[in-house]
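Hydrogens, waters and symmetry mates play no part in the numbers below; they use all other heavy atoms, side chains included. No experiment lies behind these values; they were computed from the predicted model shown.
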Amino acid sequence: METKGTINIDGMNIPIENEKNILEVIRKAEIELPTFCYHSHLSTYGACRLCVCDIEGMGIQATCTIAPRDGMVVKTNTEEVRKIRKMNLELLLADHDISCPSCARSNNCKLQDLTRRLGVEKVRFKKAGKVQPIDKQSWSIIHDPNKCVLCGDCVRACKEIQSVGAIDFVNRGSKTCVAPAYLKSLKDVECVYCGQCVSVCPVGALIPKPETEDVWKAIHDPNKYVVAQIAPAVRVALGEGFDLEPGTNSTGQIVAAMKRLGFDQVYDTSFTADLTIFEEATEFISRKIKGERLPQFTSCCPAWVKFAEQYYPELLPNLSTCKSPQQMFGSVAREILPKLLGIKPEQLVIVSVMPCTAKKFEAKREEFIHDGIPDVDHVLSTEGLGRMIHETGIQFKKLTPESFDLPLGFKTGAGVIFGNTGGVSEAVLRFAYEKLTGETLLDYDFKMVRGTDGIRTAELELGGIKLSLAVAHGLANARKLCEEAAANESKYDIIEVMSCPGGCIAGGGQPVNFERDFKEKRTQGLYNIDKQLQLHKSQENPYVKELYQMTLGEVNGEKAHELLHTHYHGRKRIVDQQIKIRNTEQAKIEVCVCVGTNCFLKGSQQLLKQMMQYVTDNKLQDIVGFEGKDEMVDVRATFCFERCDRGPIARVNDKIIEFATFESVREALDEEVRRVGKELSKTT
């Protein structure tokens with residue numbers, strides 16, 4: 001029901017227009033109250049207490065937690081309110097690692113900004129707590145708990161937007177911190193490396209893991225030939241670090257800056273986005289005609305792929321086998337550039353500039369490393385490239401634009417819009433229309449797949465074939481579609497998934513931006529670039545066609561599959577974590593049963609109970625002929641054997657049992673008891 005009326009804010013009557021809290025009404029009055037923990041797209045938390053105001057009849061209250069009502073009188077800047085805000089900020093500063101000059105977020109830190117805004121000149125409180133270890137083990141994200149202000153933004157983003165929950169609050173009182181399960185590294189838990197925690201963190205507690213020094217080392221090595229690829233979304237966000245509006249197309253300046261930094265060639269990932277469409281759309285059309293492995297899920301987003309590996313391994317056959325554009329570029333570049341550039345293969349260093357923290361993890365996947373050489377050597381985030389440019393003193397805004405190098409720098413508009421949610425689906429439709437109808441597509445905009453809704457659907461008919469599509473951004477939305485598909489209830493033929501809300505334009509490696517409309521501006525920036533280009537369909541890219549003629553052969557052919565396709569596998573959510581159900585001093589045999597989600601749903605908990613009962617009933621003594629054999633056996637619950645599609649999974653010492661039943665595990669245990677019993681008999 002729509003809320004009506006007005007609120008008197010500092011003497012101004014401001015209409016209530018269905019805002020969910022007083023804070024949003026205050027912002028409508030052009031007053032930007034300080035806040036750490038408030039994001040309109042996340043649940044209300046009310047932890048930082050900086051948005052407090054004096055509400056008539058209610059006293060000092062956090063405005064983010066109170067719904068607006070007609071007739072309220074609010075004062076935003078009384079003496080008492082100002083003192084409370086300053087004191088709360090001082091308390092945060094007292095428990096913060098103030099290493100501002102060397103912090104990656106030094107030029108874009110809410111804590112610094114609010115300290116200046118509120119006029120805090122000294123901290124009256126002693127520093128509390130001890131220094132905590134910094135987690136640098138992940139390929140994608142660095143977690144520094146010493147800089148955390150406990151705003152909870154990362155926790156809520158991970159749970160509410162992504163439905164992952166890889167981090168949460170741990171301990172109580174003054175010992176409270178944000179950490180993964182069991183205080184493990186982000187590398188060893190179910191983190192998918194999407195970086196949405198980085199995007200909402202107001203300080204430097206979570207940042208993309210830098211690879212700039214590795215890139216500088218390669219650039220300065222005279223024996224190396226360093227090339228770069230730039231993802232579509234980078235060009236509408238990097239300029240924000242140089243005081244340009246979000247959405248500003250700074251492609252020419254980016255290329256010019258990178259040439260000055262020392263990159264030998266600068267290419268466009270949009271080229272391999274076009275290439276992806278050839279392979280993925282052809283794969284989809286084949287599946288649709290044959291009616292097999294539908295719905296087909298896109299596979300461009302590495303965070304989504306890891307999410308599927310962890311939570312829905314049974315759906316992995318439904319994922320497109322296509323590599324992401326980043327990895328396709330790496331494969332193609334290693335195949336053709338040494339000969340094209342007249343260099344030795346070992347001289348070539350491939351650097352990606354990506355809006356995505358998960359791309360760092362993707363480049364290190366074993367599937368993309370051959371004979372010890374990765375397809376992509378280093379992945380810079382957008383903000384990482386910005387820091388390199390700042391370091392050299394290059395005046396970015398004053399640079400004369402330069403163009404990408406050919407052939408891997410040519411693209412169509414279809415490749416560029418890959419950076420937006422719905423962009424992959426639209427590019428597929430631009431390809432499929434001509435493929436299925438045999439007609440030339442003139443109106444290339446498929447606006448039915450655009451928008452900001454978490455799940456969008458569309459139905460259309462092409463060449464007599466009815467197609468049903470779904471587009472999801474944010475993994476919580478993707479989970480809903482996965483549940484339908486896992487239950488064989490999906491009505492869609494193809495499903496596009498991007499982990500980040502809005503798509504790659506809001507990736508975890510992009511400049512952190514707290515403006516309310518920055519996503520919309522970046523999104524529109526990519527659509528504007530599409531409009532400005534002469535070619536808008538991937539099948540029109542002449543250099544992709546030449547690549548097939550000279551190197552790849554047929555679309556979806558043998559060579560194309562060798563270079564452009566891959567496979568995925570079930571993955572552990574928690575690494576090296578077991579729960580000891582029964583622990584003995586003389587144990588010679590270990591029985592482990594997976595209780596991860598997939599195995600749990602297939603009955604592993606009951607299996608664990610049955611095995612525990614079997615061991616504790618001391619039935620094992622009958623097998624080897626003397627008592628006490630139950631003391632030989634430990635029973636443990638574990639979390640994953642990375643074979644989720646074949647669960648439940650159990651292990652008896654070194655023997656792994658797939659599709660485990662009580663009978664099969666008991667038989668394996670009895671056999672192992674006999675073997676160990678004989679060995680013990682020989683020594684007694």
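- Counting heavy atoms from C-beta outward, Leu535 and Leu533 have side chains that stay 4.5 Å or more apart.
- Salt-bridge formation is detected for the pair Lys359/Glu362: a Lys NZ or Arg NE/NH1/NH2 atom is positioned less than 4.0 Å from an Asp or Glu carboxylate oxygen.
- Looking at Arg334 and Ile373, their side chains come closer than 4.5 Å, going by heavy atoms from C-beta outward.
- With hydrogens and angles ignored, the 3.5 Å screen pairs no side-chain donor or acceptor of Ser299 with any backbone N or O of Leu319.
- Put simply, the side chain of Ser138 never gets that close to the backbone of Lys187: no donor and acceptor are under 3.5 Å apart.
- Judged by a 6.0 Å distance limit and a 45° cone about the ring axis, Lys306 is positioned over the six-membered ring of Tyr193.
- Considering CD1 of Ile494 and OG1 of Thr298, their distance stands at 7.0 Å, rounded to 0.5 Å.
- Minimum heavy-atom separation, Gly508 to Gln196: N-NE2, 4.3 Å.
- Side-chain contact check for Asp221 versus Val349: every heavy-atom pair is 4.5 Å or farther apart.
- A donor atom on one side chain and an acceptor atom on the other are found under 3.5 Å apart for Tyr433 and Glu439.
- We find that Lys411 and Asp530 are not joined by a salt bridge, their nearest charged nitrogen and carboxylate oxygen being 4.0 Å or further apart.
- Gln310 places a side-chain heavy atom less than 4.5 Å from the side chain of Val192.
- In summary, Arg365 and Glu309 engage in a salt bridge, as defined by a charged side-chain N under 4.0 Å from a carboxylate O.
- Using a distance-only test at 3.5 Å, with no hydrogens or angles considered, no donor-acceptor pair links the side chain of Glu402 to the main chain of Gly252.
- The line from CG of Leu429 to CD1 of Ile277 is 9.0 Å long, rounded to the nearest 0.5 Å.
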Quick one: do Gln510 and Thr382 satisfy side chain to side chain donor-acceptor pair (under 3.5 Å)? Show the steps, please.
CA-CA 5 Å; Gln510 297 278 64; Thr382 306; 2.6 Å; yes
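- Looking only at side-chain heavy atoms (C-beta outward), Tyr568 and Pro317 stay at 4.5 Å or farther from each other.
- Of the options Cys500, Ser499, Cys504, a side-chain contact (heavy atoms from CB on, under 4.5 Å) to Cys301 is made by Ser499 and by none of the others.
- Salt bridge Lys184/Glu190: absent, no basic N to carboxylate O contact under 4.0 Å.
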Determine, step by step, whether Phe404 and Phe410 satisfy the ring pair (Phe, Tyr, Trp, His ring centres under 6.0 Å) criterion, reporting the C-alpha distance in whole Å, the side-chain angles of both residues, the deciding distance to 0.1 Å, and the verdict.
CA-CA 7 Å; Phe404 286 113; Phe410 193 88; over 10 Å; no
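- A donor atom on one side chain and an acceptor atom on the other are not found under 3.5 Å apart for Glu367 and Thr566.
- Ion pairing between Lys209 and Asp135 fails under the 4.0 Å rule for side-chain N and carboxylate O.
- A salt bridge does not link Lys147 with Asp97: every distance from a Lys NZ or Arg NE/NH1/NH2 to an Asp or Glu carboxylate oxygen is 4.0 Å or more.
- Looking at Thr412, its side chain does come within 3.5 Å of a backbone N or O of Ala414 through a donor-acceptor pair.
- Looking at heavy atoms from C-beta onward, Val215 lies in side-chain contact with Phe263 at the 4.5 angstrom threshold.
- Counting heavy-atom neighbours within 6.0 Å of Lys136 NZ, excluding the residue itself, gives a total of 12 or less.
- In the displayed structure, Glu391 atom CD is contacted under 6.0 Å by more than 12 heavy atoms of other residues, nucleotides or ligands.
- Taken from CG in Leu408 to OG1 in Thr269, the straight-line distance is 10.0 Å, to the nearest 0.5 Å.
- The closest side-chain donor-acceptor pair between Glu434 and Gln539 falls under 3.5 angstrom.
- Scanning both residues, Ile141 and Cys197, for their nearest heavy atoms gives CD1-SG, 4.1 Å.
- Salt bridge absent: Glu213 and Lys217 never bring a charged side-chain N and a carboxylate O closer than 4.0 Å.
- A salt bridge does not link Lys259 to Asp264: none of the charged nitrogens lies less than 4.0 Å from a carboxylate oxygen.
- Taking the six-membered ring where tryptophan is involved, the planes of Phe242 and Phe396 are essentially parallel, since the angle between them stays under 30° and well short of 60°.
- Taking OG1 of Thr551 as the reference point, atom CD of Glu335 lies at 6.5 Å (rounded to 0.5 Å).
- Side chain to side chain, Asn528 and Gln532 fail the donor-acceptor criterion of an N or O pair below 3.5 Å.
- The environment of Lys531 atom NZ is dense: over 12 non-hydrogen atoms of other residues, nucleotides or ligands sit within 6.0 angstrom.
- Between the side chains of Lys545 and Gln549, no donor-acceptor pair of N or O atoms lies under 3.5 Å.
- A side-chain donor-acceptor contact under 3.5 Å links Asp405 to the backbone of Val266.
- Proximity of Met258 to Leu385: side-chain heavy atoms (C-beta onward) are separated by under 4.5 Å at one or more points.
- Considering CG of Leu547 and CG of Leu552, their distance stands at 4.0 Å, rounded to 0.5 Å.
- Aromatic ring orientation, Tyr311 versus Phe307: tilted (interplanar angle from 30° to 60°).
- Under the 4.0 Å criterion applied to side-chain N and carboxylate O atoms, Lys537 and Asp274 are not assigned as salt-bridge partners.
- Taking a cutoff of 4.0 Å between a charged side-chain nitrogen and a carboxylate oxygen, Glu283 and Arg287 qualify as a salt bridge.
- Asp268 and Gln229 share no side-chain donor-acceptor pair at under 3.5 Å.
- To the nearest 0.5 Å, atoms CG (Leu563) and CG (Asp375) are separated by 9.0 Å.
- Minimum heavy-atom separation, Ser199 to Val512: O-CG1, 3.6 Å.
- No cation-pi contact links Lys360 to Trp139, judged by a cut-off of 6.0 Å to the six-membered ring centre and 45° from its axis.
- Two residues are said to be in side-chain contact when any heavy atoms from C-beta on lie closer than 4.5 Å; Phe431 and Thr282 meet this criterion.
- The ring of Phe271 has its center no closer than 6.0 angstrom to the ring center of Tyr543.
- With salt bridges taken as basic N to acidic carboxylate O contacts below 4.0 Å, none links Asp377 and Lys224.
- Looking at Ser324 and Gln326, their side chains never bring a donor and an acceptor atom within 3.5 Å of each other.
- Defined by atom type and a distance below 3.5 Å, a donor-acceptor pair is present between the side-chain atoms of Asn556 and Glu279.
- A tilted orientation is assigned to the rings of Tyr267 and Phe329, their planes being inclined by 30° to 60°.
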